[in-house]
Amino acid sequence: MSLGSATSLPALESQAPQSDDQLARRCVLDTAARSATGTFVYPAIWFTLVLATGTHERWPLFAWLNVLGLGGLAVLRMGLNRRLPRLLTVRQRTTSWAFTLLTLLMAFYWGALTAVCMVRAPDETLSWVMLAATVGFCAGGNTMVGINPALRLTYPGLMIAPVFAVELLMPTASHLMMAALEGAFGVYLVRSSRVVHDDYWQMLQTQRLSDARARSLELASLTDGLTQIPNRPHFDRQFQYEWERQCRHGAPVSVMLVDLDHFKSINDTYGHPFGDACLQAVSRALSETMGRSTDFVARYGGEEFAVLLAQTDGEGARIVAERLLQQVREVNLSYQGAPVRITCSIGAASTVPHGSELPEALIKRADDALYRAKHHGRNRAEMAV
């Protein structure tokens with residue numbers, strides 16, 4: 001009988017085109033990878049500045065609390081980055097939002113810290129270096145996160161907004177000049193980040209289209225043109241995969257060869273177009289009988305079909321063979337208003353694969369059983385001895 005639950009079929013050699021969800025996951029992962037090196041740049045620059053400018057002596061609480069704050073956010077980002085691949089497969093939307101919010105929080109934190117420095121020490125080195133670093137981070141974000149639609153504009157926007165607000169609320173000549181320069185620079189960043197964003201997504205869409213075409217061509221090469229079910233090369237590949245898999249796991253494999261009875265007479269009597277319709281109807285009937293995703297039916301050649309039953313022993317194969325016989329008997333075809341009866345003969349063989357046995361031996365046993373079914377009157381199934 002059938003053993004266990006259905007298992008997945010082997011992957012095709014071509015790459016499956018990615019879905020919209022998969023592209024969104026890839027974008028988050030690529031954004032994380034691009035920005036990973038900058039995760040600890042924020043606390044490192046702040047730590048260096050507070051030591052170099054003596055800020056840790058004048059405002060120790062302010063200096064060290066922000067070292068801890070920036071460092072804590074960096075640690076959270078690093079921890080999330082490491083878990084992103086697994087979390088995105090479990091809770092994609094929630095994880096994407098968490099990544100986006102944490103990235104924006106760090107951007108806003110740095111911008112707000114720069115703004116506070118400009119208010120507390122407007123003409124000191126600390127403020128000007130922080131301002132230069134902020135502009136640099138905004139430009140860096142153009143390449144680090146510009147590919148991400150949720151971060152492309154919000155990341156530099158949230159970082160520069162507190163700085164811009166201070167410059168307008170404290171309208172000194174230098175602040176107004178910097179605000180004007182930042183505005184012009186912002187226009188440039190919007191336009192250049194659009195190029196980065198569009199190039200990235202065009203690359204993904206081009207790759208998806210290429211994968212879809214490759215998959216379509218591979219499927220066409222493995223599909224019988226007349227019946228639209230797998231062809232013999234596809235069956236051979238599938239059978240080899242299942243044989244090797246059960247050599248490892250020790251479960252049985254069954255193979256059946258199904259041959260239409262008196263098919264030459266059908267072609268000679270009713271013509272080849274009717275014979276083609278007969279093959280199409282039988283292929284549908286056989287496919288509809290397959291109960292599991294791993295049950296596999298293919299056109300083996302001419303009027304012969306092959307059936308592969310994974311994790312199925314001889315008794316299970318016998319039951320399926322009887323179903324197939326009945327399903328083919330119930331195929332309704334008529335020629336010029338007169339019903340045409342169709343039957344088939346089946347040879348089935350089962351084994352537990354092992355390394356010392358060739359897979360072709362199981363096919364040969366099924367073929368011998370098919371010969372006996374034909375010899376004993378057709379319209380019947382025979383099990384290999």
Side-chain angles (χ1 to χ4, degrees), residues 20-21 23-42 45-46 70 73-74 77 80-81 84 92-93 95-119 127-208:
D20 289 342
D21 284 344
L23 292 182
R25 284 199 298 271
R26 178 173 175 180
C27 179
V28 174
L29 291 172
D30 286 347
T31 303
R34 288 178 175 221
S35 59
T37 54
T39 301
F40 286 96
V41 170
Y42 296 95
I45 289 180
W46 175 251
L70 289 169
L73 286 176
R77 272 285 304 277
L80 180 60
N81 283 1
L84 267 180
Q92 179 172 339
R93 180 168 296 184
T95 303
S96 297
W97 275 108
F99 174 79
T100 299
L101 291 175
L102 191 55
T103 303
L104 293 178
L105 178 59
M106 183 166 277
F108 182 75
Y109 191 120
W110 183 267
L113 181 58
T114 303
V116 172
C117 291
M118 293 171 64
V119 172
S127 297
W128 287 106
V129 174
M130 286 291 290
L131 182 58
T134 300
V135 174
F137 286 149
C138 289
N142 193 47
T143 55
M144 288 193 303
V145 301
I147 63 174
N148 193 309
L151 295 173
R152 184 176 75 88
L153 299 179
T154 52
Y155 175 86
L158 278 177
M159 183 175 288
I160 203 67
V163 174
F164 202 74
V166 169
E167 290 168 342
L168 295 181
L169 293 174
M170 298 174 60
T172 63
S174 58
H175 280 178
L176 292 177
M177 178 187 67
M178 288 300 300
L181 290 175
E182 290 159 5
F185 188 56
V187 173
Y188 165 77
L189 288 182
V190 169
R191 294 175 64 87
S192 59
S193 67
R194 167 58 66 181
V195 174
V196 173
H197 176 274
D198 290 352
D199 284 349
Y200 175 81
W201 284 97
Q202 184 177 6
M203 179 271 294
L204 291 186
Q205 295 296 342
T206 300
Q207 180 178 337
R208 178 158 71 170

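What you see below is based on every heavy atom in this structure, not just the backbone, and it leaves out hydrogens, waters and symmetry mates.
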Do [X] and [Y] have side chains that approach each other closer than 4.5 Å (heavy atoms only, starting at C-beta)?
X: F137; Y: M106; result: no
X: V28; Y: Q92; result: no
X: P156; Y: N142; result: no
X: R26; Y: I147; result: no
X: S96; Y: C27; result: no
X: L70; Y: L113; result: yes
X: Y200; Y: D30; result: yes

Contacts of L29 that satisfy side chain to side chain contact (heavy atoms under 4.5 Å, CB included) - sequence neighbours left out
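Residues passing side chain to side chain contact (heavy atoms under 4.5 Å, CB included) with L29: L84, P85, L88.
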
Can you tell me how far the [atom1] atom of [X] sits from the [atom2] atom of [Y], to the nearest 0.5 Å?
X: F164; Y: L169; atom1: CZ; atom2: CG; result: 11.0 Å
X: I160; Y: L131; atom1: CD1; atom2: CG; result: 6.5 Å
X: N148; Y: L153; atom1: CG; atom2: CG; result: 11.0 Å
X: L73; Y: F40; atom1: CG; atom2: CZ; result: 10.5 Å

Look at the rings of W201 and H197 and say which category their plane angle falls in: under 30° parallel, 30 to 60° tilted, over 60° perpendicular.
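Rings of W201 and H197: tilted, as their planes differ by 30° to 60°.
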
What orientation do W46 and W110 show, parallel under 30°, tilted 30 to 60°, or perpendicular over 60°?
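Plane angle over 60°, so perpendicular.
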
Over all atoms of both residues, closest heavy-atom pair of G111 and V163:
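Heavy-atom minimum between the residues: O-CG2, 3.8 Å.
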
Grab the two heavy atoms, one from T100 and one from A150, that are nearest each other, plus how far apart they are.
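What the structure gives for the nearest pair is CG2-CB, 4.0 Å.
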
With sequence neighbours excluded, residues passing ring-ring contact (aromatic ring centres under 6.0 Å, His included) with F99
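Here no residue qualifies.
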
Does the S127 side chain pair with the main chain of C117, one donor and one acceptor, at a distance under 3.5 Å?
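Here the side-chain-to-backbone pair exists.
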
Before you tell me yes or no, could you show the steps for R77 and S35 under side chain to side chain contact (heavy atoms under 4.5 Å, CB included), namely the whole-Å CA-CA distance, both residues' side-chain angles and the distance that decides it to 0.1 Å?
CA-CA 10 Å; R77 272 285 304 277; S35 59; 3.0 Å; yes

Identify whether the distance between the nearest side-chain nitrogen and carboxylate oxygen of R208 and D20 falls below 4.0 Å.
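Judged by the 4.0 Å cut-off on N to carboxylate O distance, R208 and D20 do form a salt bridge.
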
Give the intermediate values and the outcome of side chain to side chain contact (heavy atoms under 4.5 Å, CB included) for residues R152 and V196.
CA-CA 9 Å; R152 184 176 75 88; V196 173; over 6 Å; no

Qualifying side chain to side chain donor-acceptor pair (under 3.5 Å) pairs, either residue in residues 153-169, two or more places apart:
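Every pair satisfying side chain to side chain donor-acceptor pair (under 3.5 Å) with a residue in residues 153-169: Y42-Y155.
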
